[in-house]
Number of protein chains: 2
Amino acid sequence: MVTVHEVARVAGVSAATVSRFLNGTAKVSEEKRQAIESVIEKLNYKPNVLAQNLKTGSSRTIGVLTQSLVSGYFADAMAGIDEALQGTGYAPLIVSGHWHADEEAERIELLIARRVDGLVILSGKLKDAQILKLSQRVPIVAFGRDLSSPRAYGFCLDNYWGACEAVSYLIEQGHRNIAFITGPSDHQDALARLAGYRDTLAKHGIKEQQQLIVGGDFQESSGLLAVERLLESGQRFSAIFCANDLTAYGARLALYRRGIRVPEDISVIGFDDLHSSMYTTPPLTTVRQPLFDVGKCLGRAIVKMIGHEMLDIEVPQLNLVVRESVKRVD
Amino acid sequence: MVTVHEVARVAGVSAATVSRFLNGTAKVSEEKRQAIESVIEKLNYKPNVLAQNLKTGSSRTIGVLTQSLVSGYFADAMAGIDEALQGTGYAPLIVSGHWHADEEAERIELLIARRVDGLVILSGKLKDAQILKLSQRVPIVAFGRDLSSPRAYGFCLDNYWGACEAVSYLIEQGHRNIAFITGPSDHQDALARLAGYRDTLAKHGIKEQQQLIVGGDFQESSGLLAVERLLESGQRFSAIFCANDLTAYGARLALYRRGIRVPEDISVIGFDDLHSSMYTTPPLTTVRQPLFDVGKCLGRAIVKMIGHEMLDIEVPQLNLVVRESVKRVD
DNA sequence: TTGAAAGCGCTACCAA
DNA sequence: TTGGTAGCGCTTTCAA
């Protein structure tokens with residue numbers, strides 16, 4: 001492996017000058033610049049990032065803590081982060097916490113041991129206090145929590161609002177008996193969606209029916225189970241609001257198995273707008289979470305925070321995307 | 001940040017001894033061991049990985065080149081790699097080439113500049129020759145190509161065989177007019193699946209109908225379009241073999257739009273077995289690609305290759321998973 | 001078993 | 001504008 005010194009020697013300059021040329025730290029005379037350039041070319045010299053790291057104390061790496069490597073939801077956000085980091089000289093180091101506080105903490109230690117310059121945290125179970133504490137060691141940008149200290153910034157999407165939109169839409173379409181399949185009860189977003197469901201019902205003077213709210217865990221299987229229970233309970237309902245799209249997929253399958261048509265017999269609405277929701281049968285009406293934009297936002301923010309620049313975040317907004325899984329009833 | 005020297009000073013030993021203790025490089029007396037341990041504990045000392053890297057010339061990082069950060073297909077493989085790397089001291093550095101040879105080459109340079117100890121390449125458009133060349137600089141394990149030099153190992157799944165299975169199954173179920181929606185024509189796997197389709201038809205004495213083979217690109221939209229063309233062509237067919245699951249989703253939606261039932265009117269079979277294929281309506285019969293296992297295999301292989309150990313790879317096998325999108329006809 | 005010392009390849013300071 | 005030099009924090013000889 002060729003080093004600065006070798007380049008310097010061949011080009012007849014000092015290593016310091018080569019370094020200066022490389023980093024644009026100071027002016028280098030035209031003559032030497034050319035000499036250096038051609039030697040770098042000839043020797044195919046590539047600076048050793050590891051040595052740069054050691055010297056500068058920075059790894060030019062951003063740690064990204066996700067909760068799942070296989071979830072389309074998080075994948076979108078990661079793609080956004082990746083895009084935002086492109087061309088900044090920072091590379092993302094991705095680890096997964098699997099929705100488990102201990103594992104998250106452990107992975108973050110691993111990230112810090114690798115001297116990441118910043119951390120992006122995607123949801124998870126860590127307490128805000130823990131994150132604040134961590135932020136003393138490394139600047140943090142988080143999604144799914146409200147934080148705004150100088151070294152820890154975080155934002156949420158307005159899940160409550162999104163749920164209100166979904167339920168209002170159902171009501172506008174004439175639905176009165178609306179079932180809700182919840183997400184995990186220890187999940188902030190899931191709770192907000194439930195609250196939105198309840199409040200919107202109340203706002204429209206619709207009495208909430210306890211039996212129409214059934215537990216789920218954001219996975220397809222729970223949607224399937226929930227609908228089966230709903231159906232067996234004998235409750236009447238014309239629409240189901242699913243806490244997320246995955247749940248809606250499961251719900252839809254349960255309905256299909258019983259020969260119940262969507263949306264003719266029962267309407268279904270989801271939350272998230274995963275890619276595949278455009279191609280379900282029927283295409284799913286759902287509340288879109290602009291995760292890719294969220295990722296871009298996070299990526300940009302962490303770079304700015306590292307550079308001690310002002311964070312001018314524009315938090316992306318949710319919006320209802322109407323497709324074909326909801327029917328108007330009277 | 002506390003350093004070895006500080007630990008050494010407080011513990012009353014030399015830095016070298018601390019290092020030896022940390023790495024188990026040599027015997028350290030019980031007495032000093034305890035002293036060092038307690039000081040490390042007290043000072044909360046964490047070795048600076050960057051410095052270790054510089055010294056040892058290794059970054060304890062594995063570069064992973066994927067083609068898409070949002071594809072469920074690649075995500076599974078990445079999760080497998082992640083699992084295999086767990087506890088080995090190696091962390092994956094993931095970059096995406098977006099199915100573009102130039103971008104792949106560029107990202108790989110970035111990975112090498114960061115001194116990754118090994119490279120895992122997931123498909124892509126790079127030529128085998130390029131990969132072989134690259135492998136002089138860094139050991140490589142690749143998926144989707146057959147390579148077996150000491151520093152570059154690669155394997156494929158038997159897509160041809162998988163396609164034969166799918167088509168044989170359709171034929172067993174009584175189908176004779178089987179349409180095929182292809183993948184991109186410059187994609188190795190897509191070609192193998194097409195060949196499997198053709199050969200299996202031939203093997204059963206079924207004449208291939210040119211009009212039943214329609215172009216696609218592995219995306220949902222192409223499946224949708226393809227079915228529309230198929231339908232408009234007026235050709236008779238009772239089953240569609242889609243080059244991958246995404247295509248099948250699109251095809252299924254096109255059928256749905258026309259009020260054509262699956263599988264009662266037309267059977268559909270896919271390839272890949274993405275997670276969501278279990279929850280489509282009806283659940284999709286498809287050829288399973290065990291991508292998670294592939295990822296585990298790759299992760300283990302690259303670590304072994306770096307350690308100059310024997311690679312004892314057991315290449316995972318495809319298999320047909322029968323669900324509900326194919327009906328028996330007579 | 002231990003310590004001293006010499007770097008790994010780079011950047012940044014200081015002096016010229 | 002340039003070169004010499006001193007480290008960054010660690011590991012690894014070499015001697016003791």
Side-chain angles (χ1 to χ4, degrees), chain A residues 1-37 39-40 43-61 89 91 109-110 112-117 137-138, chain B residues 1-37 39-40 43-61 89 91 109-110 112-117 137-138:
Chain A
M1 274 281 115
V2 22
T3 71
V4 248
H5 292 99
E6 198 155 334
V7 173
R9 192 176 50 72
V10 179
V13 301
S14 76
T17 304
V18 176
S19 171
R20 280 190 280 256
F21 163 72
L22 253 19
N23 304 293
T25 327
K27 284 228 156 58
V28 175
S29 71
E30 182 56 21
E31 171 196 22
K32 308 213 168 195
R33 197 185 60 70
Q34 292 201 341
I36 295 173
E37 259 181 342
V39 173
I40 286 181
L43 267 40
N44 188 26
Y45 167 70
K46 299 270 200 284
N48 183 333
V49 184
L50 264 27
Q52 290 178 320
N53 291 349
L54 176 59
K55 182 64 193 180
T56 61
S58 134
S59 62
R60 303 246 93 195
T61 301
E109 286 304 330
L110 184 144
I112 293 180
R114 284 179 170 269
R115 297 297 194 271
V116 293
D117 298 324
R137 301 204 273 154
V138 58
Chain B
M1 273 283 114
V2 22
T3 71
V4 247
H5 292 100
E6 197 155 335
V7 172
R9 194 176 48 73
V10 179
V13 300
S14 76
T17 305
V18 177
S19 170
R20 280 189 278 254
F21 163 72
L22 252 19
N23 304 292
T25 328
K27 284 229 157 57
V28 176
S29 72
E30 182 57 21
E31 171 196 21
K32 308 214 168 196
R33 198 185 60 69
Q34 292 201 343
I36 295 172
E37 260 182 340
V39 172
I40 286 181
L43 267 41
N44 188 27
Y45 167 71
K46 300 271 198 285
N48 183 333
V49 184
L50 265 28
Q52 289 179 320
N53 290 349
L54 176 58
K55 184 63 194 181
T56 61
S58 135
S59 62
R60 302 246 93 195
T61 301
E109 285 305 330
L110 184 145
I112 293 180
R114 285 179 169 268
R115 297 298 193 271
V116 293
D117 298 324
R137 302 203 273 154
V138 58

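Every chain is numbered from 1 and lettered A, B, ... according to where its sequence line falls, protein lines coming before strand lines.
- Side-chain contact between A:V13 and A:V18: present, with at least one pair of heavy atoms (C-beta onward) separated by less than 4.5 Å.
- Per the geometry, CE belonging to A:M1 stands 21 Å off P belonging to C:dG7, to the nearest Å.
- Proximity note for A:V13 (side chain, C-beta onward) versus C:dC10, D:dG3, D:dC10: the nearest is D:dG3.
- Phosphate contact (OP1/OP2 of C:dG3, side-chain N/O of B:K32, threshold under 4.0 Å): present.
- Judged purely by atom type and a 3.5 angstrom limit, A:R114 uses its side chain to pair as donor or acceptor with the backbone of B:S59.
- A distance of 11.0 Å separates CG of B:L54 from CD of A:Q52, quoted to the nearest 0.5 Å.
- Nearest to the side-chain atoms of B:N23 among the listed nucleotides D:dT11, C:dA4, D:dT2 stands D:dT11.
- Look at CG on A:L50: it is 14 Å from C1' on D:dT11, rounded to the nearest Å.
- Comparing atom distances between the A:K55 side chain and each of D:dG4, D:dA6, C:dG3 picks out D:dA6 as nearest.
- If B:T25 and B:L54 are placed on DNA chain D by their nearest nucleotide, the residue sitting closer to the 5' end is B:L54.
- The base of D:dG9 has none of its N or O atoms less than 3.5 Å from a complementary donor or acceptor on the side chain of A:R115.
- Distances shown here put a side-chain N or O of A:S29 below 4.0 Å from the OP1 or OP2 atom of D:dT2.
- Residue A:E6 holds its CD atom at 5.5 Å from OG1 of A:T3, rounded to the nearest 0.5 Å.
- Checking C:dT2, D:dT11, C:dT11 against every side-chain atom of B:T17, the shortest atom distance belongs to C:dT2.
- Evaluated for a side chain to side chain donor-acceptor pair (under 3.5 Å) with B:E30, the options B:K32, B:Q34, B:K27 yield exactly one hit, B:Q34.
- Atom CG in B:N53 sits about 13 Å away from atom C1' in D:dC8, given to the nearest Å.
- Between A:P47 and A:Y45, some side-chain heavy-atom pair lies under the 4.5 Å cut-off.
- Within 4.0 Å of B:F21, counting heavy atoms only, lies no atom of the nucleic acid at all.
- DNA chain C forms stems at C:1-16 with D:1-16, each a run of 3 or more consecutive Watson-Crick or G-U wobble pairs whose two key distances fall under 3.5 Å.
- Residue A:Q52 places at least one side-chain N or O under 4.0 Å from the OP1 or OP2 atom of C:dT11.
- Set against C:dA12, D:dT11, C:dG3, the side chain of B:S19 has D:dT11 as its closest nucleotide.
- Comparing C:dC10, D:dT11, D:dC10 by their closest approach to the side chain of B:T3 singles out D:dC10.
- Rounding to the nearest 0.5 Å places CD of B:E31 at 10.5 Å from CD1 of B:I36.
- For B:N48, whose side chain is taken as the heavy atoms from C-beta onward, the closest listed nucleotide among D:dC8, D:dG3, D:dC10 is D:dC10.
- Here the nucleotide nearest the side chain of B:R20, chosen from D:dG3, C:dG9, C:dT2, is C:dT2.
- Atom CZ in A:R9 sits about 17 Å away from atom C1' in C:dC10, given to the nearest Å.
- What separates NE2 of A:H5 from C1' of C:dG7 is a distance of 11 Å, to the nearest Å.
- Judged by distance alone, with hydrogens and angles left aside, the side-chain atoms of A:N48 form a donor-acceptor pair with the main-chain N or O of A:L50 at under 3.5 Å.
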